[in-house]
There are 2 protein chains.
Amino acid sequence: MSRITIKDVAELADVSPATVSRVLNHGPTVAEDLRDRVMAAIRQLGYRPNSQARFLRTRATTVLGLIISDITNPFFTSMVRGAEDAASKAGYSVVLANTDEDLDKERRYIEVAAAENMAGVILSPASATRTSIELLLERGVPVVTVDRRLQTAKVDRVGVNNVRAAQEAVIRLVDQGCRRIGFIAGPAEVTTAADRLSGYKHGLRASGLPFSRELVVRGDYRIEGGRAAAATLMRLDPRPDALFVSNNLMTLGAVMTLRDLGLSYPSDIKLAAFDDMSWTLGLSDTMTLISQPTYEIGRQACELLLRRIAGERFPPRHVVLGATLD
Amino acid sequence: MSRITIKDVAELADVSPATVSRVLNHGPTVAEDLRDRVMAAIRQLGYRPNSQARFLRTRATTVLGLIISDITNPFFTSMVRGAEDAASKAGYSVVLANTDEDLDKERRYIEVAAAENMAGVILSPASATRTSIELLLERGVPVVTVDRRLQTAKVDRVGVNNVRAAQEAVIRLVDQGCRRIGFIAGPAEVTTAADRLSGYKHGLRASGLPFSRELVVRGDYRIEGGRAAAATLMRLDPRPDALFVSNNLMTLGAVMTLRDLGLSYPSDIKLAAFDDMSWTLGLSDTMTLISQPTYEIGRQACELLLRRIAGERFPPRHVVLGATLD
DNA sequence: TTGAAAGCGCTAACAT
DNA sequence: ATGTTAGCGCTTTCAA
């Protein structure tokens with residue numbers, strides 16, 4: 001029952017609680033024999049400091065929150081790993097929360113992070129405009145967004161240049177002979193969705209192709225949305241000769257639709273898509289894929305966050321990493 | 001900076017801190033006018049109680065830890081949802097941690113849960129024998145395992161009857177005419193892997209088929225493991241006429257191997273597998289699938305945990321839910 | 001270098 | 001019904 005306190009250790013080691021605290025925290029101002037006695041007592045009793053009590057004094061915690069819009073998406077999993085590695089190197093640990101792109105859940109978890117006084121939060125916001133991060137910022141808890149931006153750009157962000165990546169993918173499709181490229185867009189509130197749509201338009205323009213409203217269908221970044229959107233697009237007459245899907249899960253859905261229609265790619269129709277999908281059935285070799293350095297995104301986001309936690313002050317920084325077409 | 005304390009609220013509302021505390025906690029023992037003044041002050045100041053300070057008094061937190069062996073696996077995602085729903089209904093929130101089947105990571109997160117004094121922990125242990133949950137149990141933090149069991153069965157567990165489900169799947173394959181069923185097993189340390197293997201053997205015996213050592217290959221519950229294991233099995237002479245894969249991710253890998261070999265299922269070879277995979281490319285209709293009630297597993301695990309947290313005492317309970325073959 | 005004492009923000013006993 | 005007081009476990013002055 002964690003009944004062992006610093007006092008117990010102090011008594012056993014025959015020193016004051018303050019000395020135990022010193023041994024535990026700022027290293028070498030304690031005589032060696034005392035230090036040894038304290039360490040022995042700690043081990044013997046199995047003492048573990050109470051982090052709540054410590055926080056009450058120091059206002060410092062070592063837990064970071066990662067609030068993510070869809071944990072199932074391997075995109076995020078790799079990111080989490082990057083963040084964890086950076087965090088644990090600095091003595092921090094990371095807890096995760098899954099919002100399912102749901103603003104209420106997002107708010108609830110932000111509240112948890114605030115209530116628990118987490119040292120900092122990495123967030124992939126479900127909406128660019130409607131956000132609850134003030135709850136954190138008010139209390140001085142730094143926030144870094146990953147992947148997506150926030151409209152009120154007062155926080156750091158780490159991600160890729162979605163506009164350019166999308167544009168390049170379109171150009172690649174055009175090079176492959178496509179002239180009627182359907183685009184499956186993401187949720188209107190998410191900046192990556194807007195950016196990728198904008199890149200799609202740029203790509204068309206750069207290729208001298210007209211933009212056609214009917215060729216753009218919005219999905220929800222989930223499998224089902226991709227499936228439905230692809231079905232809508234494939235009903236067009238004339239049919240698109242390529243599909244550009246703005247995230248990995250929707251791509252799975254789109255592929256299902258194509259299969260249901262008895263269409264093969266790349267022979268019947270060309271595909272391009274955002275995000276790695278090596279985890280699924282080797283679709284990669286048959287389509288144009290935009291890969292993001294997800295591990296690196298997580299790592300850098302965490303390092304930025306740690307600098308903020310350490311008190312560094314600099315204008316909100318936007319780290320833009322390179323996405324690669326392959 | 002969260003400088004607003006209960007004292008500030010008390011002063012503004014012109015009451016004592018204790019009254020504010022009472023308003024916040026045990027409802028109706030406060031006169032209505034005071035209560036209103038307090039609520040107004042709280043709102044006006046944007047006061048939020050400091051949960052660490054509260055814990056120091058009450059020894060009660062409202063955060064549950066979910067320590068999961070692979071967050072990417074949709075199996076767990078749905079489980080998390082079940083747990084979250086049950087938790088939030090009771091006023092608890094849930095934080096996640098991903099161990100990647102790595103015992104060190106598992107221990108680290110268990111330490112975090114203990115240090116943060118989480119109210120309880122739901123765990124899918126990476127090993128049945130080597131576990132660190134004593135860190136929790138010693139401190140009186142209840143633990144419920146999901147999916148997998150622990151050898152030292154002193155904690156509650158919610159899962160399915162893996163032995164029976166595996167056996168039924170084998171029988172189903174035999175009914176389809178299979179006589180040489182390859183089995184891709186899971187990591188030796190995980191109880192579900194052992195149970196499923198044992199079910200496989202039972203199924204063979206029940207069908208009057210011999211057990212052959214060469215037909216069993218172990219994987220790691222990840223995609224790559226499935227791919228490699230399937231490759232090994234398909235090299236056998238004579239080739240298996242069916243593959244039974246003991247989890248979903250390995251099934252993806254196995255399917256990749258089959259594709260590489262130019263084999264189709266179910267025409268060339270039959271497949272059976274554990275765990276839902278509707279999220280992937282509609283493999284489901286072409287193989288025998290064992291589905292687990294994942295949401296329900298999470299929900300019941302959480303409810304069990306909440307009862308333990310509430311102080312109920314009963315012998316370690318093993319809740320076995322039904323897996324369905326479809 | 002070490003110890004004594006105060007106090008972080010809160011709630012539970014005890015008074016009133 | 002409300003206020004006063006003490007103390008949860010820790011760290012950090014301040015003294016010695």
Side-chain angles (χ1 to χ4, degrees), chain A residues 1-39 41-42 45-63 114-119 138-141, chain B residues 1-39 41-42 45-63 91 114-119 139-141:
Chain A
M1 288 285 184
S2 181
R3 292 278 82 117
I4 308 121
T5 77
I6 201 170
K7 230 176 121 191
D8 301 320
V9 176
E11 270 166 27
L12 181 58
D14 197 30
V15 296
S16 74
T19 300
V20 178
S21 174
R22 280 190 273 258
V23 169
L24 251 34
N25 302 304
H26 356 270
T29 66
V30 178
E32 207 161 322
D33 53 328
L34 285 201
R35 161 179 231 83
D36 291 347
R37 258 154 54 202
V38 167
M39 290 309 284
I42 287 175
L45 294 172
Y47 167 71
R48 302 196 159 244
N50 179 321
S51 55
Q52 276 85 357
R54 172 178 287 167
F55 168 82
L56 216 51
R57 289 292 313 194
T58 61
R59 324 241 87 203
T61 49
T62 55
V63 176
E116 295 295 310
N117 290 296
M118 291 183 185
E138 277 167 7
R139 311 181 123 220
V141 178
Chain B
M1 287 286 183
S2 182
R3 293 277 83 115
I4 307 122
T5 77
I6 202 171
K7 230 175 122 192
D8 302 320
V9 176
E11 272 165 27
L12 181 59
D14 197 30
V15 296
S16 75
T19 301
V20 178
S21 173
R22 279 189 275 255
V23 170
L24 251 35
N25 301 305
H26 357 272
T29 67
V30 178
E32 208 161 319
D33 54 326
L34 284 201
R35 162 182 229 81
D36 291 346
R37 258 155 54 203
V38 168
M39 290 309 284
I42 287 175
L45 295 173
Y47 167 71
R48 303 197 157 243
N50 179 321
S51 55
Q52 277 85 357
R54 171 179 286 167
F55 169 81
L56 216 50
R57 288 295 315 199
T58 61
R59 322 242 87 204
T61 50
T62 56
V63 176
E116 295 294 309
N117 289 295
M118 291 183 186
R139 310 181 123 219
V141 179

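So you know, we letter chains A, B, ... as the sequences are listed, proteins then strands, and number each from 1. Only this structure's heavy atoms are used, side chains among them; waters, hydrogens and symmetry mates stay out.
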Who pairs with A41(A) by side-chain contact (heavy atoms from CB on, under 4.5 Å), at least two apart in sequence or on another chain? V9(A), L12(A), A13(A)
Test item: V23(A) and R37(A) side chains (from C-beta on) under 4.5 Å apart, heavy atoms: no
Starting at CZ of R57(A), measure out to OG of S21(A) and round the result to the nearest 0.5 Å. 9.5 Å
Nearest-Å distance, CZ (F55(A)) to P (dT12(D))? 13 Å
Working to the nearest 0.5 Å, report the span between CG of L24(B) and CD1 of I6(B). 6.5 Å
I want to check something: taking the side chain as every heavy atom from C-beta on, are F55(B) and N117(B) in contact at a cut-off of under 4.5 Å? yes
How long is the line joining CD1 of I42(A) and C1' of dC10(D), in whole Å? 13 Å
If you look at every heavy atom in K7(B) and P17(B), which pair is closest and at what distance? CG-CG, 4.4 Å
Between M118(A) and T61(A), what is the shortest heavy-atom contact and its length? C-OG1, 3.6 Å
Please report, rounded to the nearest Å, how far the C1' atom of dA4(C) is from the CD1 atom of I6(A). 14 Å
Nearest-angstrom distance from the residue atom NZ of K7(B) to C1' of dG7(C): 10 Å
So what does S21(A) touch, heavy atoms closer than 4.0 Å: a base, only the sugar-phosphate, or nothing? base
Every protein N/O within reach of nucleotides 2-5 of chain D N/O, cut-off under 3.5 Å:
{"residue": "dT2(D)", "atom": "OP2", "partner": "A31(B)", "partner atom": "N", "Å": "2.4"}
{"residue": "dG3(D)", "atom": "OP2", "partner": "S16(B)", "partner atom": "N", "Å": "2.9"}
{"residue": "dG3(D)", "atom": "OP2", "partner": "S16(B)", "partner atom": "OG", "Å": "3.2"}
{"residue": "dG3(D)", "atom": "OP2", "partner": "T19(B)", "partner atom": "OG1", "Å": "2.6"}
{"residue": "dG3(D)", "atom": "N7", "partner": "R22(B)", "partner atom": "NH2", "Å": "2.7"}
{"residue": "dG3(D)", "atom": "O6", "partner": "R22(B)", "partner atom": "NH1", "Å": "3.4"}

Atom CG of N50(B) and atom P of dG7(C) are separated, to the nearest Å, by 18 Å
Every protein N/O lying under 3.5 Å from an N/O of nucleotides 6-8 of chain D:
{"residue": "dG7(D)", "atom": "N2", "partner": "R57(B)", "partner atom": "NE", "Å": "3.2"}
{"residue": "dG7(D)", "atom": "N2", "partner": "R57(B)", "partner atom": "NH1", "Å": "2.8"}
{"residue": "dG7(D)", "atom": "N3", "partner": "R57(B)", "partner atom": "NH1", "Å": "2.8"}

When the distance from CG of D36(A) to C1' of dT2(C) is rounded to whole Å, what number comes out? 16 Å
Atom CG of D8(B) and atom P of dC10(C): how far apart are they, to the nearest Å? 9 Å
Determine whether R139(B) and R3(A) make a side-chain contact, defined as any pair of heavy atoms from C-beta on separated by less than 4.5 Å. no
Are the side chain of Q52(B) and the backbone of E116(A) linked by a donor-acceptor contact shorter than 3.5 Å? yes
Whole-Å gap separating C1' (dG9(D)) and CZ (R54(A)): 11 Å
